[in-house]
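Before any comments, here is the structure.
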Amino acid sequence: MQIVQSIEELRSKLRQWKREEQRVALVPTMGHLHQGHVSLIERAQASADKVVASIYVNPSQFDRPDDLGNYPRTLESDIEQLKAVSVDMLFAPTDAIIYPGGHSNKTRIDIPGMTNILCGAHRPGHFIGVATIVCKLFNLVQPNIAVFGKKDFQQLMIIRQMTSDLNLPVEIVGAPTWRENSGLAMSSRNSYLNADEFEKASKIYQCLCECAQAMLDGNRHFQELESRAISQLNDAGFESDYVSIRRAIDLTTPTDLDEPESLVVLAAAFLGDARLIDNLQIRDYSRSGNIARAAARASEIVQSV
Ligand code: AMP
């Protein structure tokens, strides 16, 4: 695996691959890698000849300096993991390389209506930082495809929107959420949890499953379902930011009368020092029509994303 820091080195290798007509995939990460990240790399390998992983803890997407300072940085063990799964290149730039003028980039990418809702409402500026760094990485690597986890569902939607709006020639692939046996979505931030919290943390997934099951059983009182899930989380010792049922296509709020094709239940909550996010997508919601039949098929239809 080639490890590159500078933009010159990166571009020179990429030029060679392009000359050889190799299809390049990019998997952007912030490091402290786990099996979820590895699953994205494997997905990328299935669709490309060469896989570039990036590790960069992007300061402009952190809304709190202490959160940025505490973010786990484990480059040495990350490199071993990437080598073990035969990644072709690791791009691990420094702040000075990515933001030569300091990380208050003058140019920012904002998608009003998408970047300021849900996690964006609780972490002001977060998704502007995400969209801007992903756009910069796309310009630097110029990949044919880029793979992102559906665990960060709102992030994936924002990147899809940006790619489409800016006519970026990159195919965006969303990969399923990788979970612990308990159902807890893997996350670099899970390392902030102590043993008790780690055990308790799967409650967030259980609440999402319960909410999705109630919806498939025909309960259309979405706000009540959201409030119930928030109370359950808070009673279990979480501090909830939100639980929200949205249209999966654009993250807008469905009305009771809608028959959206696909819904998603999203949640964000603190447990101790860790801010955990998770979501469950319910595909074919409108086509489930016959509620009894839908309930019987619930376990098939509810897909973890
Ligand atoms: P991060 O390093 O947390 O910025 O994540 C880098 C990429 O890995 C993003 O596309 C995330 O959505 C994805 N990712 C993080 N956790 C998981 C997981 N448990 N399953 C699948 N993808 C994940």
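First listed ligand is number 1; within each ligand, the first listed atom is number 1. We number each residue from 1, following the sequence as shown.
Note: an N/O pair closer than 3.5 Å links Met186 and ligand 1 by distance alone. Close N/O approach between Ser187 and ligand 1 is not found [any backbone or side-chain N/O within under 3.5 Å]. Here's the thing with Gly149: one of its N/O atoms is less than 3.5 angstrom from an N/O atom of ligand 1. On a distance-only criterion, Trp178 and ligand 1 share at least one N/O pair closer than 3.5 Å.
At the shortest separation from atom 11 (C) of ligand 1 among protein heavy atoms lies Asp152 OD1, 3.1 Å.
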Lys50 and Glu20: salt bridge (charged side-chain N to carboxylate O under 4.0 Å, His left out), yes or no, with the steps?
CA-CA 11 Å; Lys50 299 288 180 190; Glu20 294 166 0; 5.8 Å; no
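A distance of 9.5 Å separates NE2 in His34 from CD in Gln81, rounded to the nearest 0.5 Å. In this structure, CG on Leu263 lies 12.5 Å from CG on Asn279, to the nearest 0.5 angstrom.
The part of Pro176 lying near ligand 1 is the backbone, judged by heavy-atom distances below 4.0 Å. When heavy-atom distances to ligand 1 are checked against a 4.0 Å cut-off, Met30 comes that close through both its backbone and its side chain. Under 4.0 angstrom from ligand 1, the non-hydrogen atoms of Pro28 all belong to its backbone.
Here the rule is salt bridge (charged side-chain N to carboxylate O under 4.0 Å, His left out) with Asp278, and of Lys150, Arg189, Lys151, Arg179 only Arg179 fits it. In summary, of the residues considered (Gln281, Arg283, Arg247), a side-chain hydrogen bond (donor to acceptor under 3.5 Å, both in side chains) with Ser262 occurs for Gln281 alone.
Every atom of ligand 1 is numbered from 1 in the order shown, and the set under 4.0 Å from a heavy atom of Lys151 is 16 (N), 17 (C). Shown in contact with Phe148 at under 4.0 Å from a heavy atom are these atoms of ligand 1, numbered in order with element: 10 (O).
Scanning His32, His37, His34 for the heavy atom closest to atom 17 (C) of ligand 1 points to His34. When Leu40, Asn58, Ile41 are checked for heavy-atom proximity to atom 7 (C) of ligand 1, Leu40 turns out nearest.
Ring geometry for Tyr99 against Tyr56 counts as tilted: the plane angle lies between 30° and 60°, on a 0 to 90° scale.
Asp110 and Arg108 are not joined by a salt bridge, as no carboxylate oxygen comes within less than 4.0 angstrom of a charged side-chain nitrogen. Contact check on Arg275 versus Asp241 returns a salt bridge, with a Lys/Arg side-chain nitrogen under 4.0 Å from an Asp/Glu carboxylate oxygen.
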